[in-house]
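Notes follow the structure.
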Amino acid sequence: MHHRHRLVPDYRGKGLGSALLRDLLDEAAAAGKAVSIHVEKFNPAMRLYKRLGFATEEDKGVYDLMRWRAAAA
């Protein structure tokens with residue numbers, strides 16, 4: 001299942017996206033699932049994704065396929 005989400009400009013830069021992503025990653029970890037995203041190479045949010053533990057898995061030209069996996073317990 002693929003979802004496409006963006007925060008409207010008034011809500012960007014306020015930590016809401018980080019909080020939502022952390023909740024999603026917590027749910028994925030509890031379910032034993034990985035999370036993947038396609039990110040434009042020059043998207044400023046790339047720093048956030050890397051900080052949260054996403055790693056580039058595949059170069060898709062304009063986009064990178066990034067994947068997050070829960071750390072092994």
Side-chain angles (χ1 to χ4, degrees):
M1 180 184 307
H2 297 290
H3 298 283
R4 183 179 207 120
H5 299 289
R6 291 189 179 178
L7 293 176
V8 292
D10 289 349
Y11 291 96
R12 292 181 191 156
K14 299 184 184 336
L16 182 59
S18 297
L20 291 170
L21 277 169
R22 284 188 176 97
D23 285 348
L24 173 68
L25 298 179
D26 287 346
E27 286 186 33
K33 302 284 184 179
V35 176
S36 61
I37 54 176
H38 283 92
V39 184
E40 292 173 316
K41 291 183 184 294
F42 299 105
N43 184 333
M46 182 73 82
R47 291 188 318 268
L48 168 63
Y49 301 136
K50 288 181 178 180
R51 193 167 59 244
L52 291 173
F54 282 87
T56 300
E57 188 163 282
E58 188 177 342
D59 184 327
K60 297 279 199 172
V62 175
Y63 297 92
D64 283 343
L65 172 62
M66 300 185 78
R67 189 169 311 274
W68 174 92
R69 290 181 178 85

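- Taking CD1 from Ile37 and CG from Leu24, the interatomic distance works out to 9.5 Å, rounded to the nearest 0.5 Å.
- Under a 4.5 Å side-chain heavy-atom criterion applied to ILVMFWY residues, the cluster that includes Phe42 comprises that residue alone.
- Put simply, Val39 and Leu48 are part of the same group of oily side chains (I, L, V, M, F, W, Y) that touch within less than 4.5 Å, one to the next.
- In this view, Lys50 and Met46, Met66 satisfy the side-chain contact (heavy atoms from CB on, under 4.5 Å) rule, not counting sequence neighbours.
- Listed by chain and residue number, Asn43, Tyr49 satisfy the side-chain contact (heavy atoms from CB on, under 4.5 Å) test with Ala45 (two or more places apart in sequence, or in another chain).
- Separation of atoms OG (Ser36) and CG (Leu65) is listed at 5.5 Å; rounding is to 0.5 Å.
- Qualifying side-chain hydrogen bond (donor to acceptor under 3.5 Å, both in side chains) partners for Glu57, counting only residues two or more places apart in sequence or in other chains: Arg67, Arg69.
- Heavy-atom minimum distance, Phe54 versus Val35: CE2-O, 3.6 Å.
- Contact detail for Ala28 and Trp68: the closest heavy-atom pair is CB-CZ3, 3.8 Å.
- Remark: Lys41 engages Asp59, Asp64 in a side-chain hydrogen bond (donor to acceptor under 3.5 Å, both in side chains) (not counting sequence neighbours).
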